> 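Before I ask anything, let me first share the structure, which is written out below as structure tokens.
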Number of protein chains: 2
Amino acid sequence: MTKQSRLPTGIREVAQLAGVSIGTVSNVLNRPEVVAERTRRRVQDAIDRLNFVPNRGAADLRSGRSRMIGLVVPDITNPFFAEVARGAVDAAGESNVAVVLCNSDQDPAKEDRYLDVLEEHRVAGVVINPLAAIPDRLAALRDRGSRVVCVHRSVRTSEFCSVAVDDVEGGRIATEHLLSLGARSVALVNGPVSLRPCADRRRGARQAIKAAGLPADALTEVTAASMTINDGVEAAGQLLKGPALPDAVFCTNDLLAIGVTRRLTRAGIAVPGDVPVAGYDDIDLAAEATIPLTSVGQPKYGLGYRAAQLVLAEIAEDEGHRHERVVFHPQLTVRDSSRR
Amino acid sequence: MTKQSRLPTGIREVAQLAGVSIGTVSNVLNRPEVVAERTRRRVQDAIDRLNFVPNRGAADLRSGRSRMIGLVVPDITNPFFAEVARGAVDAAGESNVAVVLCNSDQDPAKEDRYLDVLEEHRVAGVVINPLAAIPDRLAALRDRGSRVVCVHRSVRTSEFCSVAVDDVEGGRIATEHLLSLGARSVALVNGPVSLRPCADRRRGARQAIKAAGLPADALTEVTAASMTINDGVEAAGQLLKGPALPDAVFCTNDLLAIGVTRRLTRAGIAVPGDVPVAGYDDIDLAAEATIPLTSVGQPKYGLGYRAAQLVLAEIAEDEGHRHERVVFHPQLTVRDSSRR
DNA sequence: ATGAAAGCGCTAACAC
DNA sequence: GTGTTAGCGCTTTCAT
């Protein structure tokens, strides 16, 4: 361990020890190629000996740049957003950019408070999963100099870069898979269609039915109030009370699917033997369930990673930037719940 | 939307519009009580009209303070640390302190790189789940002016504040619970005892056995190479091959417990009827398993929240601080897997 | 109660 | 190639 001087060592002490000016030290820090090899080494030695760590805040202040971005998610405790965060932090880390984590909790007031904090810190950019109603706030943020990219929520305007995954496609491939198993009728166990993802996934399911040449009523719908395992159990109850069981069940999230599977199994209906089931999101629980669940996965890590990349690129481009709308493709993982 | 001046508005433009000096503006920002009500209002008006947002970085630079802390966890994707992070971010948020998220990935090199970044940003403090070997690095960080508190890992020295949960106690209460069900022998399905938590939980289990007046060999041990569901399945296989089944099984994590339960059930052994099972960590999967799992839970959110509080307190105390070692108590949640 | 002035640690022209 | 100098936007004495 090197001896520490009590006062934080700064660029000038490095300069003094190396016998150069502070400007030169700054140069070896930021544009090493411009300084003579010999001096560069001497300065580097001083830096090492003094254990000097440059003050990024001071540099940022002076240069007008910033080595920080903000990440605003509803809740880092949600595994989906934990993955997104991981991707974003990794991407930022590669450029030595720090990520400030904010949880909006679906609460506009909280979101606003955190955006204020990010603004005060003059972050170079923000990756955000925005609440529906906040486009103006985001525009203001951008006008203040922070680049903004939206993740996993389609923004009407093309004012920002955004990255999302195609839910219509997800609904389609899940349903196609079920149909490929020979199903002629499928039940859609859905959450509130007021939620964009639920509406989109349904749209995809309908497309698949239609494309298969089946009548529209080959797709029956059960709508759950929310999207928990218990809601799935209840939904399956409805299915069981109906006139005829569907040939297959597509649930728009995994918890619903697990609930449905449990209820069906308990009623003596074999999954997948009698009725194959597919879910959505591919949460950990899907793979680890008693009957491993077929599910549509989203490239969560990729979402975050790409979003951070976009924001970093936009920062680097420094004016003259065309917004990009990246759309990822969901991916179907077939497991026992739909294996014949 | 208020009109934006193209150039970011600063304290001086506020001063000009309000007809006061910049010093006064600074005062209404930081010590409102010291400025006359009338002036305060005028300045506040100007701030609002100009939509002025103070530059925290500049303020920090000048004042030597900092409104940021770092959070270093192995992996935010791990639900345990996601909860910890949530707690830390919430606590920091209450003091309007930004949290920079870092994932060390159990990789000393990465941890080191992130600590460098935090150092460059001159964060006021760091909440960290440190790798075993890094005390010196932490000391250096602290000497550089950042307060450091360790979370969920006992640090030998009392050089830092730390917050952790008592694993010995956790092992004890789980085992006591199993014994209270009438078990006279229990199998401990453990991970590598080179891991501190595994060793501690075993110690707790032994304490419980001893306290119940049972011979030491009433506790049999199976050690798994790692701690997944599959390892649990295998461990249960060993149990089944043994001369006699134990009266109960305590697994030092939930995945092991789920694997054990599956294997036992498949072998016709009823859980909890024939053999009650308890796990550890109380992950989501525990409650949602086919047979909901009894498990020892840790106050993850609390760990993070308290850790951040400690670091903020230490920052505020500004010298003359006695390090605190906070120990949380684990809590047993009884579910079907051990319900008679 | 307010204003004037001196920096915080660094970068970026610009001279030499 | 290197040194000088003027700030970045703000806080903080110290006068007034």
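By convention in this document, chain letters (A, B, ...) are assigned in the order of the sequence lines, proteins followed by strands, and residues within each chain are numbered from 1. For clarity, every value in this text was computed on a predicted model and none was experimentally measured.
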> Return yes if some donor-acceptor pair links the side-chain N/O of N55(A) with the main-chain N/O of G57(A) below 3.5 Å, else return no.
yes

> What pairs of nitrogen or oxygen atoms, one from the protein and one from nucleotides 12-14 of chain C, lie under 3.5 Å apart?
unit_1, atom_1, unit_2, atom_2, d
dA12(C), OP1, R65(A), NH2, 2.7

> Looking only at non-hydrogen atoms, find the nearest pair between R40(A) and V35(A) and report the distance.
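Between these two residues, the closest heavy atoms are N-CG2, 3.8 Å.
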
> Taking 4.0 Å as the cut-off, does a side-chain nitrogen or oxygen of T39(B) come that near to OP1 or OP2 on dT2(C)?
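So the side-chain polar atoms of T39(B) do come within 4.0 Å of the phosphate oxygens OP1 or OP2 of dT2(C), strictly under.
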
> Which is true for V25(A) with a 4.0 Å heavy-atom rule: it touches a base, it touches only sugar-phosphate, or it touches nothing?
nothing

> Does R153(A) reach the main-chain N or O of P130(A) with its side chain, forming a donor-acceptor pair under 3.5 Å?
yes

> Give the ring-plane orientation class for H321(B) versus H323(B), where under 30° counts as parallel, over 60° as perpendicular and anything between as tilted.
perpendicular

> R40(B) has an atom CZ; how far is it from atom P of dT2(C), in whole Å?
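So the two atoms are 11 Å apart, to the nearest Å.
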
> In whole angstrom, give the distance that lies between atom CZ of R41(B) and atom C1' of dT2(C).
19 Å

> Rounding to a whole Å, what distance do you find between R12(B):CZ and dA4(C):C1'?
13 Å

> Need to verify one output field. Residue with the more 5' nearest nucleotide on DNA chain C, L29(A) or E37(B)?
E37(B)

> Could you give the start and end, 5' to 3', of the contact zone on DNA chain D for chain B, using atoms under 4.0 Å from its heavy atoms?
dG9(D) to dT12(D)

> Between V34(B) and A58(B), which has a closest nucleotide on DNA chain C that is more 5'?
V34(B)

> Could you check whether any side-chain heavy atom of E159(B) comes within less than 4.5 Å of a side-chain heavy atom of P135(B), counting everything from C-beta outward?
no

> Hey, does the side chain of S146(B) reach the backbone of V126(B) with a donor-acceptor pair shorter than 3.5 angstrom?
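No: the side chain of S146(B) does not pair with the backbone of V126(B).
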
> I need the CZ-P distance between R42(B) and dA1(C), as an integer number of Å.
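Rounding to the nearest Å, CZ of R42(B) and P of dA1(C) are 15 Å apart.
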
> According to the interplanar angle, ranging from 0 to 90°, do the rings of H152(B) and F81(B) count as parallel (below 30°), tilted (30 to 60°) or perpendicular (above 60°)?
perpendicular

> Using every non-hydrogen atom in the two residues, find where A18(A) and A46(A) come nearest and quote the distance to one decimal.
CB-CB, 3.9 Å

> CD of Q16(B): more than 12 outside heavy atoms within 6.0 angstrom?
no

> What is the distance, rounded to the nearest whole Å, between atom CD of E120(B) and atom C1' of dC10(C)?
13 Å

